[in-house]
Amino acid sequence: MPQYWLMKSEPDDCSIDDALAAPGATVPWTGVRGWQARNYMAKQMQVDDGVLFYHSSCPQPGIVGIARVASGTRPDPTQFDPESPYYDPASKPEHPRWLLLDVQALRKTRLLGLPEMRATPELADMVVLRRGNRLSITPVDPVHWHFIVDRMLA
DNA sequence: GCCAACGTTGGC
DNA sequence: GCCAACGTTGGC
């Protein structure tokens, strides 16, 4: 059974348009620096899982596209790059601490903005809407996934 | 730029 | 293994 996820990206860094314009519409999901999100990637996420592409830290936060998990995990090279904002001097190449996986954008949708998500009773229980939620990757209940996909593609 | 609410760390 | 303090996320 596929699982479903919501992945936050800052559009200044990688927007849905950037992802769609990448070769194969596929981007390495760099910069995850939290253990919970890291462990979702390492232990639960599988190729072909569904992904809601979410823009955060921007004027109009919300879901902007549909994507899929396109690879297993490998070490995130930005952790070893002193020039990168994601550099982690404590992580050694022989024991990489942070992982990434590839995400393939499938299509852009209309904006399902955060205010609309909050105003939609069917979505009230989404993990990402929990107060103060800070995880960059959150699991999405299949019921929520189907509701959103149906609504966005209708 | 502010700041609430959090996830993570580290002392014990 | 608890939990207070810290640093960060992310919406506004």
Side-chain angles (χ1 to χ4, degrees), chain A residues 3-22 27-46 49-70 72-141 143-145 147-149 151-152:
Chain A
Q3 299 186 88
Y4 304 102
W5 308 92
L6 181 144
M7 300 179 77
K8 296 178 183 173
S9 182
E10 301 188 11
D12 286 348
D13 186 27
C14 181
S15 69
I16 184 70
D17 290 322
D18 294 335
L20 283 166
V27 290
W29 205 265
T30 58
V32 173
R33 295 293 181 275
W35 289 99
Q36 282 189 225
R38 191 209 90 109
N39 290 338
Y40 283 140
M41 289 196 289
K43 300 181 179 178
Q44 296 192 45
M45 297 175 78
Q46 302 278 339
D49 280 359
V51 173
L52 299 173
F53 198 112
Y54 182 96
H55 282 174
S56 68
S57 298
C58 62
Q60 299 213 87
I63 295 166
V64 294
I66 309 290
R68 63 184 273 275
V69 175
T73 58
R74 61 183 182 276
D76 178 348
T78 64
Q79 70 196 299
F80 307 124
D81 177 5
E83 303 300 311
S84 169
Y86 304 121
Y87 179 55
D88 181 355
S91 184
K92 300 300 169 197
E94 56 276 22
H95 289 291
R97 178 175 293 191
W98 304 115
L99 306 173
L100 59 70
L101 43 69
D102 291 325
V103 173
Q104 181 179 33
L106 298 177
R107 56 166 294 171
K108 191 175 176 175
T109 61
R110 73 172 178 86
L111 171 71
L112 176 58
L114 185 58
E116 183 180 350
M117 293 169 70
R118 290 199 188 285
T120 303
E122 291 88 343
L123 302 179
D125 296 333
M126 284 189 77
V127 176
V128 74
L129 298 184
R130 286 183 194 156
R131 209 145 95 104
N133 162 74
R134 294 176 42 188
L135 292 177
S136 60
I137 301 174
T138 51
V140 173
D141 187 285
V143 172
H144 296 145
W145 168 268
F147 180 86
I148 290 168
V149 169
R151 170 176 277 213
M152 304 289 271

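Chain letters run A, B, ... following the sequence lines, proteins first and then strands; every chain starts at 1. This structure is a prediction, so every number in the text was calculated from the model and none was measured.
We find that CG of Leu135(A) is positioned 10 Å from C1' of dT9(C), with the value rounded to whole Å. In this structure, Arg130(A) atom CZ and dG10(C) atom C1' are separated by 18 Å, rounded to whole Å. Following rounding to the nearest Å, His55(A) (NE2) and dC12(C) (P) show an atom-to-atom distance of 17 Å. Computed from coordinates, the Gln60(A) CD to dG11(C) C1' distance equals 13 Å when rounded to whole Å. Rounded to an integer number of Å, the gap from Asp12(A) CG to dG11(C) P is 13 Å.
Residues of residues 29-45 of chain A that place a heavy atom closer than 4.0 Å to DNA chain B, in numerical order, are Gly34(A), Trp35(A), Gln36(A). The stretch residues 110-124 of chain A comes close to DNA chain C through Leu114(A), each having a heavy atom under 4.0 Å from the strand.
Every pair passing salt bridge (charged side-chain N to carboxylate O under 4.0 Å, His left out) that includes a residue from residues 97-109 of chain A is listed here, sequence neighbours excluded: Asp17(A)-Lys108(A), Arg74(A)-Asp102(A), Asp88(A)-Arg97(A). Pairs passing the salt bridge (charged side-chain N to carboxylate O under 4.0 Å, His left out) check and including a residue from residues 55-69 of chain A, sequence neighbours excluded, read Asp48(A)-Arg68(A).
Under 4.0 angstrom from either OP1 or OP2 of dG10(C) there lies at least one side-chain N or O belonging to Lys8(A). Applying the 4.0 Å criterion to OP1 and OP2 of dT8(C), one finds that Tyr86(A) has every side-chain N and O outside that range.
Counting heavy atoms from C-beta outward, Arg151(A) and Val149(A) have side chains that stay 4.5 Å or more apart.
Remark: Tyr4(A) engages Pro2(A), Val140(A), Pro142(A), Trp145(A), His146(A) in a side-chain contact (heavy atoms from CB on, under 4.5 Å) (not counting sequence neighbours). Take Tyr87(A) and apply the side chain to side chain donor-acceptor pair (under 3.5 Å) test, not counting sequence neighbours, and it matches no residue. In this structure, the side-chain contact (heavy atoms from CB on, under 4.5 Å) partners of Pro75(A), at least two apart in sequence or on a different chain, are Gln79(A), Pro96(A). Taking Tyr40(A) as the reference, Trp5(A) meet the ring pair (Phe, Tyr, Trp, His ring centres under 6.0 Å) condition, with sequence neighbours excluded. Asp13(A) meets the side chain to side chain donor-acceptor pair (under 3.5 Å) test with Tyr86(A); sequence neighbours excluded. With sequence neighbours left out, the side chain to side chain donor-acceptor pair (under 3.5 Å) criterion links Thr78(A) to Arg33(A), Asp76(A).
Within 6.0 Å of the CD atom in Gln60(A), the count of heavy atoms belonging to other residues, nucleotides or ligands does not exceed 12.
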N/O donor to acceptor pairs below 3.5 angstrom from side-chain atoms of residues 117-124 of chain A, sequence neighbours left out:
| unit_1 | atom_1 | unit_2 | atom_2 | d |
| --- | --- | --- | --- | --- |
| Arg118(A) | NH1 | Leu129(A) | O | 3.0 |
| Thr120(A) | OG1 | Glu116(A) | O | 2.6 |

Which atom pairs link the protein and nucleotides 2-7 of chain C when you take only N or O atoms and keep those under 3.5 Å?
| unit_1 | atom_1 | unit_2 | atom_2 | d |
| --- | --- | --- | --- | --- |
| dG7(C) | N2 | Arg134(A) | NH1 | 2.7 |

